[in-house]
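Let me begin by presenting the structure, written as structure tokens, before commenting on it.
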2 protein chains.
Amino acid sequence: MPATIRDVARASGVHISTVSRTFSAPHLVNPETRSRVLATAESLGYRPNRAARALITGRTHNVGLIVADIANPFFPPLIKAAESQARQRDYHIFVADTNEDATAEEELVLAMAKQVDGVLLCSPRMSNSLIEQCSREVPLVVINRLVTGLPSVVMDVGQGARDAIEHLAGLGHREIALLGGPRGSWTSREIRRSALLAARAAGADLTVLGPNPPTEDGGAAAADQVRRVGCTAVLAYNDLMAIGLLDELDSLGVRVPEEISVVGIDDIAPSRRTRPKLTTVATPTAAAGRAAVDMLLQHDNAPVARTARPGVGVGAVDGRRTTAQVTLQTELVIRDSTGPGPHLPADPGYAATAAPGPVASYVKE
Amino acid sequence: MPATIRDVARASGVHISTVSRTFSAPHLVNPETRSRVLATAESLGYRPNRAARALITGRTHNVGLIVADIANPFFPPLIKAAESQARQRDYHIFVADTNEDATAEEELVLAMAKQVDGVLLCSPRMSNSLIEQCSREVPLVVINRLVTGLPSVVMDVGQGARDAIEHLAGLGHREIALLGGPRGSWTSREIRRSALLAARAAGADLTVLGPNPPTEDGGAAAADQVRRVGCTAVLAYNDLMAIGLLDELDSLGVRVPEEISVVGIDDIAPSRRTRPKLTTVATPTAAAGRAAVDMLLQHDNAPVARTARPGVGVGAVDGRRTTAQVTLQTELVIRDSTGPGPHLPADPGYAATAAPGPVASYVKE
DNA sequence: TTGAAAGCGCTAACAT
DNA sequence: ATGTTAGCGCTTTCAA
């Protein structure tokens, strides 16, 4: 039986609305009264019930975060950053996992809708039109997808894929395979689009494989295919797949980077410990989490259209959300899983860059 | 402006209480009326507002989960399992991160208290008495700590530490170091207690180092100390520290397991990819997450002491929570980071077990 | 089987 | 500066 606003009012000899003001509009209450109320509240262990408050203010001070797989090492840094940013602004965060299932996404958004002020939708697999539909139920910020009309945060994987392809082409690779990601992934399409363009520009052949599940197993399963297409370099949709591929190639006795070069995308923590260490495109996931929370809450400060009394107050404030789209830079991190290919020009400059060893150009975020 | 119960009542020509019953006590409403109400609700996209419902029922259908560090690979599988289990029972889960800061724990529990039906407190660093105090504000299930009077889920790290020490002693190690975990960790104390006992029984010396931060850096930082104490084997508080130690020993040119054997605890995903592959004690983290949710919700089915009308209903139901303590088994996973020590008996049986290579006895959960 | 009415804890317009 | 009052969306007695 936690203390309510009424208990505090009684114990400090004021009306409940004075107690209410003490917490939600302190400047409207006499300093002396305020400190008295605060003192009794403290002694009773009173804390305003946010759910009750939300019922009338329309602000829950909660945020939803939907990801494909909590245990995928790509997400925890993003979740952590989002949680931290939210808490700093006194928001709590619901986390949900779709298990890579597109149909679970809509259901989760709808289930959360009434309890949150907005939802961060991470790497969605559902269609754009369904996303738009969801956004009519609850404010949405989309991460890792560009949806016109909706605020979104994406990493520039297009640039990243281009950098990766150019890196490989510069090393003398002309036959490159792209391990595509899961169906429905905007990031996967973007990588593909950009990689194809870059390969053409560099005079290299790009064979697209997939779609594949974005897991180690997915990468491992693609190893056979990779060998069959006769490429000398591979760009994977993400590090997890690249790591799986690395493992499987090792089991098959294929040497990396001597026989095949491998590049990942994301720069998750384990990628620094593979043998050879993985060359990859670092994506600023923590920054993305923070940015998404900021975008959501920025608009969340404006009072919501609510009328405590019928006939009073305005109609629906047509939330003029500036639907900003934020693109965060990526960075190619050259480690040891990429080396010279068959067409390496006799240019000592390239050879030096290609030499195995930590020639990393690395910038975090 | 989402549809409310009133909109549905109006549109289907019944009183709001009938709509309410349709959702919370369907058997009390005429089948025909029910399907009509359901149909209009569906067409209006109506979903009961859980916060409003909670206000009167006292059940939020939310659960809090507090961990030390979301990005620590130990936690994501636990979070994922807990979330999945909770959702299956139609509960949502708040996740919060303390950043390994003991003082943040209490604040987080209190901040969540009103919005959840209970909190899962993971690997707490605060004192038992503070935990008990928190448990008066909100039902608690503690994970990775035994607190008398409170339901808790622990992994049997005592057994795990013993297995590890016996494994090392059996390999002929007599000088073993224990890399202690963070201050305030029950698990760390438990490992220490059990490892000391096992070492004595096996006739080995155990040097305890620490406390250390439970991170790769913490493990790396301890490498110097490890060399100075002149041990031939190390048991680390967790895999993260073991991995950091492995890296640092490699940089220092110390060969593992030839010069020093290393054992971790947890069996997090990256431990399968270290070179050499890490011998470790597997802890069933996913099972722990599920068990904790089950324990919390099991008691949560009983109606809460609430009176919709003054004078009616019973007083406080003195929640007779069966404060069960669940202990989950651990399992030693022998990989390649442990090998023969200086006192290895000339027993071919031991030698075989100690031979490098995957002699893994591995059982997941 | 359904309707009426009270109230969960809180905020906000209005009155004083 | 404080009190009064209505009501957020919902459940739950009680009466019909």
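Letters go in sequence order (proteins before strands), and every chain restarts at 1. Owing to the predicted nature of the structure, the values given are computational and were not obtained by experimental measurement.
- With sequence neighbours left out, the side chain to side chain contact (heavy atoms under 4.5 Å, CB included) criterion links B/Thr60 to B/Ala54, B/Asn62, B/Asp117.
- For B/Gln115 and C/dC10, the CD to P distance is 13 Å, given to the nearest whole Å.
- Looking at residues two or more places apart in sequence or on another chain, you find a side chain to side chain contact (heavy atoms under 4.5 Å, CB included) between B/Leu28 and B/Arg21, B/Ala25.
- Annotation: side-chain hydrogen bond (donor to acceptor under 3.5 Å, both in side chains) contacts of B/Ser24 (sequence neighbours excluded): none.
- Looking at residues two or more places apart in sequence or on another chain, you find a side chain to side chain contact (heavy atoms under 4.5 Å, CB included) between B/Ser135 and B/Leu140, B/Leu150.
- Atom NE2 in B/His61 sits roughly 14 Å away from atom C1' in D/dT11 (whole-Å rounding).
- Where A/Arg53 and B/Ala52 each meet DNA chain C at their nearest nucleotide, the meeting point lying more 5' is that of B/Ala52.
- Contacts between residues 9-17 of chain B and DNA chain C, defined by a heavy-atom separation under 4.0 Å, are made by B/Val14, B/His15, B/Ser17.
- In this structure, the side-chain hydrogen bond (donor to acceptor under 3.5 Å, both in side chains) partners of A/Asp69, at least two apart in sequence or on a different chain, are B/Lys80.
- Here A/Glu132 pairs with nothing under the salt bridge (Lys or Arg N to Asp or Glu O under 4.0 Å) rule; sequence neighbours left out.
- Proximity of residues 20-32 of chain B to DNA chain C (heavy atom under 4.0 angstrom from any strand atom) is restricted to B/Arg21, B/Leu28, B/Val29, B/Asn30.
- Atom CD1 of A/Ile56 and atom P of D/dG9 are 10 Å apart (whole Å).
- Remark: A/Arg10 engages A/Asp7 in a salt bridge (Lys or Arg N to Asp or Glu O under 4.0 Å) (not counting sequence neighbours).
- The separation between A/Asn49 atom CG and D/dC8 atom P is 18 Å, rounded to whole Å.
- As rounded to whole Å, 14 Å separates atom P of D/dG3 from atom CZ of A/Arg6.
- Distances shown here put a side-chain N or O of B/Thr18 below 4.0 Å from the OP1 or OP2 atom of C/dG3.
- With sequence neighbours excluded, the residues forming a side chain to side chain contact (heavy atoms under 4.5 Å, CB included) with B/Arg125 are B/Ala68, B/Glu100, B/Ala102, B/Glu105, B/Ser123, B/Pro182, B/Ser185, B/Pro214, B/Tyr237, listed by chain and number.
- Between the C1' atom of C/dA12 and the CD1 atom of A/Ile5 lies a distance of 12 Å, rounded to the nearest Å.
- C/dC8 atom P lies 18 Å from atom CZ of B/Arg59, rounded to whole Å.
- Relative to the axis of its first five pairs, the axis of the last five pairs of the helix from C/dT1-D/dA16 to C/dT16-D/dA1 sits at 30°, rounded to 10 degrees.
- B/Ser84 meets the side-chain hydrogen bond (donor to acceptor under 3.5 Å, both in side chains) test with no other residue; sequence neighbours excluded.
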